[in-house]
Amino acid sequence: MDKFKAIILAAGKGTRMESDLPKVLHKVCGQTMVHYTIQAAKDAGATDVIVIVGYQGQLVKREIIDYVEYAEQREQLGTGHAVMCARDHIGSEGDTVVLCGDTPLITADTIIKLREKHRHESNGVTVLSAILEDPTGYGRIIRDQDGSFLKIVEHKDCTEEQLQVKEINSGMYVFNSEALSFSLDKLTNDNAQGEYYLTDTIQIIKSTGLKVNAMPVEDVNEILGVNTKAQLQEAERIMTERN
């Protein structure tokens, strides 16, 4: 296997946690959330792990016990901007997986499967998706009649019909590194929020003729993002049951 890198988004403050501690440093079963994501990436074969730090970045660096590299996102201008901050690390070889520092339940097994599908189908990018009974708030994976991937539509932009779609974007992806680097150069912040969205890279990659697909995760708990104290407790409960 050629190069496999991991970028972990860990720059957010996490205001809904009602704590001054950076979100990714909250602990699940005695370890920081971001540690689990780093470990999953390494266990899945990532040789380089780049953690994007922002809010209280020095503290995040100090608390991370794993051997990783860092890139700094000084202003929070969206997920696409966060990955842009790591562009020097991405290069053009092999694949790059983008993970979230606040999804401690993601497993190496799922990352491996996602990458295998990505390589088997020769995709430019493969999205980790999930089938949810209640997809409220998540971006939907829109497919055509044949089941081929068309696009991701954010919840607030969905039509009535699209709101019925149960397949959602987890915010985790495996990219062909060259395609990712190319698409980051083309990314703009021409939207209401003035942010750079990582999801926009998918349409850019698709427009170059590369294939895009999504793979639903088998256990939806793995994509559980922790944004509140209640979700932190839930993650701890699931992790305890696993061990």
Side-chain angles (χ1 to χ4, degrees), residues 1-9 40-41 44-48 50 78-80 82-84 86-87 89-100 103 106-132 135 138-155 157-159 161-162 165-188 191 196-218 220 222-223:
M1 295 286 260
D2 52 13
K3 281 204 163 151
F4 187 38
K5 297 181 176 182
I7 293 175
I8 297 174
L9 307 180
T47 46
D48 302 63
I50 302 99
T79 47
V83 177
M84 282 175 172
R87 55 153 40 108
H89 297 273
I90 295 165
S92 59
E93 292 178 61
D95 302 314
T96 299
V97 61
V98 176
L99 301 167
C100 310
T103 54
I106 189 72
T107 63
D109 197 37
T110 290
I111 299 169
I112 290 166
K113 282 184 185 143
L114 186 67
R115 189 178 185 214
E116 281 172 351
K117 179 182 177 72
H118 175 78
R119 296 179 75 83
H120 179 69
E121 296 180 359
S122 303
N123 293 334
V125 54
T126 310
V127 181
L128 183 65
S129 65
I131 312 293
L132 296 186
Y138 286 96
R140 306 299 202 279
I141 306 285
I142 308 300
R143 297 178 180 271
D144 64 14
Q145 280 96 338
D146 307 331
S148 299
F149 180 98
L150 280 177
K151 58 185 174 181
I152 294 173
V153 179
E154 292 309 318
H155 179 91
D157 301 324
C158 283
T159 62
E161 189 184 358
Q162 288 168 340
V165 173
K166 302 256 195 256
E167 188 178 6
I168 61 99
N169 174 22
S170 73
M172 293 179 256
Y173 318 85
V174 171
F175 287 89
N176 166 293
S177 296
E178 190 174 14
L180 176 58
S181 291
F182 170 82
S183 66
L184 289 172
D185 287 337
K186 299 266 183 285
L187 210 53
T188 69
N191 54 54
Y196 296 88
Y197 294 121
L198 190 59
T199 42
D200 288 349
T201 61
I202 293 167
Q203 289 312 112
I204 295 167
I205 289 168
K206 201 165 180 288
S207 69
T208 66
L210 287 171
K211 286 189 291 188
V212 177
N213 205 349
M215 181 192 91
V217 68
E218 285 166 28
V220 296
E222 287 193 35
I223 66 142

Practice task
Check the surroundings of atom NZ in K151: do more than 12 heavy atoms from other residues, nucleotides or ligands lie under 6.0 Å from it?
Solution key: no

Please report the interatomic distance [atom1]([X]) to [atom2]([Y]), rounded to the nearest 0.5 Å.
X: T201; Y: K186; atom1: OG1; atom2: NZ; result: 13.0 Å
X: I168; Y: S129; atom1: CD1; atom2: OG; result: 7.5 Å
X: I111; Y: H118; atom1: CD1; atom2: NE2; result: 14.0 Å
X: Q162; Y: R140; atom1: CD; atom2: CZ; result: 9.0 Å
X: I90; Y: D48; atom1: CD1; atom2: CG; result: 11.5 Å
X: C100; Y: I8; atom1: SG; atom2: CD1; result: 9.5 Å

Exercise for the section: Applying side-chain contact (heavy atoms from CB on, under 4.5 Å) between Y173 and each of L128, L180, V127, report the one that passes. Expected result: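 Going through L128, L180, V127 one by one, the side-chain contact (heavy atoms from CB on, under 4.5 Å) with Y173 is satisfied by V127 alone.
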
Handout entry: Verdict with reasoning, K117 to D95, per salt bridge (charged side-chain N to carboxylate O under 4.0 Å, His left out)
Key = CA-CA 12 Å; K117 179 182 177 72; D95 302 314; over 6 Å; no

Within-4.5 Å side-chain heavy-atom neighbours: [X] and [Y]:
X: K206; Y: F149; value: yes
X: V97; Y: R115; value: no
X: V174; Y: V125; value: no

Handout entry: Under 3.5 Å side-chain donor-acceptor pair for E178 and N176
Key =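 There is no such pair (donor and acceptor under 3.5 Å, judged by atom type) between the side chains of E178 and N176.
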
Quick one: does [X]'s side chain have a donor or acceptor within less than 3.5 Å of a partner on [Y]'s backbone?
X: K5; Y: H89; value: yes
X: K211; Y: E121; value: yes
X: S177; Y: G91; value: no
X: E222; Y: T107; value: yes
X: T79; Y: L198; value: yes

Exercise for the section: Start with the C-alpha distance between V212 and N123, add both sets of side-chain angles, then the distance that settles side-chain contact (heavy atoms from CB on, under 4.5 Å), and finish with yes or no. Expected result: CA-CA 5 Å; V212 177; N123 293 334; over 6 Å; no

Nearest atoms (heavy-atom pairs only) where [X] meets [Y]:
X: I205; Y: G124; value: CG2-CA, 3.9 Å
X: P216; Y: A214; value: CD-O, 3.9 Å
X: V165; Y: P135; value: O-CG, 3.5 Å

